[in-house]
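All figures in this text were calculated on a predicted structure; none of them were measured in a lab.
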Amino acid sequence: MQEIIDNKIVANKNIVANIEGLKKSFGTNAVLQGITFQLRKGENLVVLGKSGTGKSVLIKCMVGLIDLDEGKLEVLDQNISEITSKELNILRKRVGFLFQSGALYDSMTIGDNLRFPISRVKSIKKEDIEGLVKEALENVGLPDVINKMPSELSGGMRKRVGLARTLILKPEIMLYDEPTTGLDPITSKEISTLILSVRKKYQTSSIIITHDMDCARIVADRVIILDQGKVIAEGTYEGLKNSEKDNIKSFFL
């Protein structure tokens with residue numbers, strides 16, 4: 001039974017992603033066992049769960065990087081299981097994905113890393129690319145790294161550049177996979193604050209996968225908790241923190 005704490009019912013027009021009964025197994029390992037939740041327009045939704053509970057699998061299903069086995073998965077009014085490869089590629093331009101590593105190309109300068117994803121977008125004029133690159137780097141507080149290589153940057157700076165590269169296409173939904181992993185507390189807080197700034201500037205709806213409870217506290221409008229492939233709780237950070245159930249309280253100790 002899913003526990004809902006401090007939750008509010010919203011109109012369907014405010015839903016940008018709808019997941020119903022999502023199941024995914026790898027061989028005999030049933031990772032997702034009927035996940036159901038919605039992402040609302042303009043909210044930051046944090047997903048908590050122990051390692052191996054399928055958090056990263058969930059968001060990879062949302063952009064078609066992994067095929068679901070059963071259930072319904074709608075993102076920006078598109079049914080992921082029914083759209084064509086061409087339609088999926090178009091959808092991916094509307095959904096930003098920040099990987100744990102930042103996923104930068106080590107052989108390219110920071111500027112070229114940012115130019116790469118927009119160089120093939122026909123709707124963007126070549127003369128506008130440099131302005132977009134500079135704007136994206138300014139938005140993550142790194143206007144002076146354009147000619148540097150990824151190896152010259154700290155872990156936190158690489159995360160920021162990875163975010164800048166994602167934001168350059170101005171996505172409507174952002175998916176963050178452990179955005180503060182491997183960072184010191186001060187840099188982690190900076191990244192968390194940046195997630196809030198991105199939402200404010202770009203009006204994004206975001207799912208944030210994290211083990212970092214400080215990050216969750218700072219960024220979350222709403223939190224869901226996964227356990228053994230299912231959603232076991234949903235609510236505000238404070239509401240869940242004050243739960244009397246041991247399997248929920250354990251995340252906040």
Side-chain angles (χ1 to χ4, degrees), residues 42-47 56 59-60 63 65 92-121 123-221:
E43 81 167 335
N44 282 341
L45 174 64
V46 166
V47 180
S56 295
I59 56 176
K60 287 178 180 178
V63 288
L65 293 176
R92 284 173 176 164
K93 294 173 184 176
R94 302 171 66 192
V95 181
F97 200 124
L98 184 64
F99 294 91
Q100 289 187 37
S101 64
L104 300 178
Y105 297 106
D106 292 334
S107 60
M108 292 184 180
T109 65
I110 300 305
D112 285 341
N113 263 281
L114 268 68
R115 295 180 190 105
F116 182 76
I118 55 174
S119 61
R120 300 179 183 180
V121 180
S123 60
I124 297 177
K125 298 179 182 178
K126 288 185 178 181
E127 56 266 31
D128 294 332
I129 290 178
E130 289 308 307
L132 290 170
V133 169
K134 291 178 181 179
E135 178 188 5
L137 288 174
E138 287 172 359
N139 285 337
V140 298
L142 294 174
D144 301 320
V145 303
I146 191 168
N147 293 316
K148 292 184 178 294
M149 302 298 290
S151 60
E152 299 179 75
L153 305 184
S154 67
M157 293 171 77
R158 287 195 293 272
K159 285 281 179 75
R160 286 176 177 268
V161 171
L163 180 55
R165 188 177 64 180
T166 300
L167 293 175
I168 206 164
L169 292 177
K170 296 181 171 53
E172 297 165 59
I173 295 176
M174 276 296 305
L175 305 175
Y176 297 91
D177 191 5
E178 299 286 2
T180 61
T181 292
L183 303 180
D184 62 83
I186 294 175
T187 305
S188 294
K189 186 174 182 180
E190 290 175 350
I191 295 295
S192 298
T193 302
L194 183 58
I195 290 172
L196 293 177
S197 299
V198 166
R199 192 260 299 274
K200 183 177 180 180
K201 182 175 180 62
Y202 291 90
Q203 301 298 305
T204 54
S205 308
S206 302
I207 293 178
I208 302 101
I209 304 293
T210 187
H211 286 98
D212 182 344
M213 297 308 292
D214 279 337
C215 174
R217 177 182 56 80
I218 292 169
V219 306
D221 298 309

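The side-chain heavy atoms of Val95 and Glu172, taken from C-beta on, include no pair separated by under 4.5 Å. Side-chain atoms of Ile124 and Leu169, non-hydrogen and from C-beta on, do get closer than 4.5 Å to each other. A 4.5 Å side-chain heavy-atom check between Ser206 and Leu45 finds every atom pair outside the cut-off. Residues Tyr105 and Asp112 have side chains not in contact (no heavy-atom distance under 4.5 Å, counting atoms from C-beta outward). Taking the side chain as every heavy atom from C-beta outward, Val219 and Arg199 never approach each other to under 4.5 Å. For the pair Asn147 and Thr109, the minimum side-chain heavy-atom distance is 4.5 Å or more.
Scanning both residues, Arg165 and Asn113, for their nearest heavy atoms gives CD-O, 3.0 Å. Minimum heavy-atom separation, Ile168 to Leu114: CD1-O, 3.7 Å. Across all non-hydrogen atoms, the minimal contact from Asn44 to Asp221 is N-OD2, 2.7 Å. Shortest non-hydrogen contact noted between Asp212 and Asp214 is OD1-N, 3.0 Å. In this structure, Glu135 and Lys201 approach most closely via the heavy-atom pair OE2-CE, 4.5 Å. Between Leu183 and Gly155, the shortest heavy-atom contact is CD2-C, 3.7 Å.
Within 6.0 Å of NZ in Lys189 there are 12 or fewer heavy atoms belonging to other residues, nucleotides or ligands.
Atom-to-atom distance recorded for Leu65:CG and Ser56:OG is 11.0 Å, nearest 0.5 angstrom. Lys170 NZ to Arg94 CZ: the interatomic distance, rounded to the nearest 0.5 Å, is 15.5 Å. Summarising the geometry, atom CG belonging to Leu137 is positioned 6.0 Å from atom CD1 belonging to Ile146; distances are rounded to the nearest 0.5 Å. To the nearest 0.5 Å, the span separating CG on Leu98 from CD1 on Ile191 amounts to 8.0 Å. Distance CZ/Arg217 to OG1/Thr210: 12.0 Å, rounded to 0.5 Å.
Residues that satisfy the side-chain hydrogen bond (donor to acceptor under 3.5 Å, both in side chains) test with Ser192, not counting sequence neighbours, are absent from this structure. With sequence neighbours excluded, no residue satisfies ring pair (Phe, Tyr, Trp, His ring centres under 6.0 Å) with Tyr202. With sequence neighbours left out, Glu190 forms a side-chain contact (heavy atoms from CB on, under 4.5 Å) with Arg160, Ile186, Thr187.
Between Glu130 and Arg115 there is a salt bridge, since a side-chain N of the basic residue sits under 4.0 Å from a carboxylate O of the acidic one.
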